[in-house]
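Model, not experiment: these values are computed from the prediction.
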Amino acid sequence: MLREIGAVLVIGMVAATYGCAQQSGAAAVVEDRAYALTPATVSVKTGIVTGAMTDMKVTERVEIGSGRIVTPAKLTGSLKLKNTSANDSVRLVGGKIVYLDGQGQRMKLEDSRTEPILKLDGYGAERLDPGQEVAQNVDVEFPAAALKAKSLKEIRFELTYIQSPYKAEAATFAVSIAGSK
């Protein structure tokens, strides 16, 4: 019986040691690789909507040593839009980012990645009256092929919106206060 208990203890210790050794194995070290875009800030104009894309950069996460991509490249930044019309309101429907190569052709994303679409439906973004502004963060997929030197030439921002007349009118009506009792 003592032998059986001893054997169970030894097996338990080996299992615990083996389990701990597996758990404490060297974890992969991951680093962020940031790629600066030049310029980092650009003006945008689409019809009566103007604005700027600021703080643009591309980041991917890579395993040190193996060079394996842990998180594919993403374009981040901040987008600010303003309705410059004096008498039209706009309802922002959506936006899309298109990456263009040196020949003006669209750069495709890898098969498993989604097209870079911006949803412009945050608080205050659904409608912009004349002079109003809206800002939102951008965090979209970026094609791996565009990370190669001189392969990316332009980024196109396609904005979809509905423009409608905006009127501010006033009505005046006569009133009087009746005497108190």
Side-chain angles (χ1 to χ4, degrees), residues 16-84 90-128 132-163:
T17 303
Y18 179 73
C20 290
Q22 283 221 336
Q23 290 176 359
S24 66
V29 179
V30 176
E31 72 175 352
D32 284 347
R33 278 193 194 151
Y35 301 86
L37 290 176
T38 304
T41 298
V42 293
S43 296
V44 295
K45 179 171 178 31
T46 57
I48 63 171
V49 179
T50 64
M53 183 87 140
T54 61
D55 303 323
M56 290 189 301
K57 69 178 179 178
V58 176
T59 307
E60 68 179 347
R61 300 196 82 197
V62 180
E63 185 177 273
I64 294 178
S66 71
R68 183 178 68 86
I69 305 298
V70 176
T71 304
K74 288 195 164 237
L75 170 69
T76 58
S78 181
L79 177 65
K80 182 185 271 189
L81 299 174
K82 180 179 182 176
N83 179 356
T84 59
V90 295
R91 184 171 68 88
L92 301 174
V93 177
K96 187 175 184 181
I97 303 244
V98 179
Y99 305 101
L100 303 173
D101 65 15
Q103 288 77 39
Q105 300 298 312
R106 289 177 178 240
M107 299 183 84
K108 303 261 184 217
L109 290 171
E110 298 74 39
D111 289 336
S112 62
R113 301 177 71 199
T114 59
E115 289 297 316
I117 294 179
L118 301 174
K119 293 187 178 165
L120 302 169
D121 59 359
Y123 177 76
E126 57 277 347
R127 185 176 116 182
L128 292 178
Q132 283 188 321
E133 293 183 357
V134 66
Q136 82 172 48
N137 291 328
V138 173
D139 186 0
V140 295
E141 305 288 349
F142 190 85
L147 293 174
K148 296 177 185 143
K150 298 185 181 180
S151 62
L152 176 68
K153 183 180 178 193
E154 296 176 326
I155 296 177
R156 177 186 301 151
F157 173 59
E158 298 175 351
L159 179 65
T160 304
Y161 62 87
I162 298 170
Q163 186 173 341

With a 4.5 Å cut-off on side-chain heavy atoms, are [Y] and [X] touching?
X	Y	value
I97	M53	yes
E60	I69	yes
D32	R61	yes
Y35	L152	no
V42	F157	no
K82	L128	no
L100	Q105	no
M107	D101	yes

Locate the shortest heavy-atom distance separating [X] from [Y]; write the atom from each residue and the value.
X	Y	result
Q132	R127	OE1-O, 3.7 Å
T46	Y161	O-OH, 3.3 Å
P143	L109	N-CD2, 3.3 Å
E158	V98	OE2-CG2, 3.7 Å
V44	A52	CG2-N, 3.8 Å
A145	S151	O-OG, 2.9 Å

- Task: Could you please spell out the steps behind the side-chain contact (heavy atoms from CB on, under 4.5 Å) verdict for Q136 and V134?
- Result: CA-CA 7 Å; Q136 82 172 48; V134 66; 5.8 Å; no

- Message: Checking E63 now: which residues fulfil salt bridge (Lys or Arg N to Asp or Glu O under 4.0 Å) with it, not counting sequence neighbours?
- Response: R68

- Query: Partners of T84 by side-chain contact (heavy atoms from CB on, under 4.5 Å), sequence neighbours excluded?
  - Reply: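 T84 satisfies side-chain contact (heavy atoms from CB on, under 4.5 Å) with I48, T50 only.
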
- For atom NZ of K74, decide whether the heavy atoms of other residues, nucleotides or ligands shown that lie under 6.0 angstrom number more than 12. yes

- Item | Sidechain-backbone polar pair: R33 side chain, A73 backbone, donor-acceptor under 3.5 Å | no

- Message: Please check this pair: side chain of K45 against backbone of G47, looking for a donor-acceptor N/O pair closer than 3.5 Å.
- Response: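 A pair under 3.5 Å: yes.
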
About how many Å separate [atom2] of [Y] and [atom1] of [X], when rounded to the nearest 0.5 Å?
X	Y	atom1	atom2	answer
E115	K96	CD	NZ	5.5 Å
D139	L118	CG	CG	10.0 Å
K57	L37	NZ	CG	11.0 Å

- For L159 and L92, what are the C-alpha separation, side-chain angles and deciding distance, and is it a side-chain contact (heavy atoms from CB on, under 4.5 Å)? CA-CA 8 Å; L159 179 65; L92 301 174; 4.3 Å; yes

- Is any side-chain N of the basic residue among E154 and R156 closer than 4.0 Å to the acidic one's carboxylate O? no

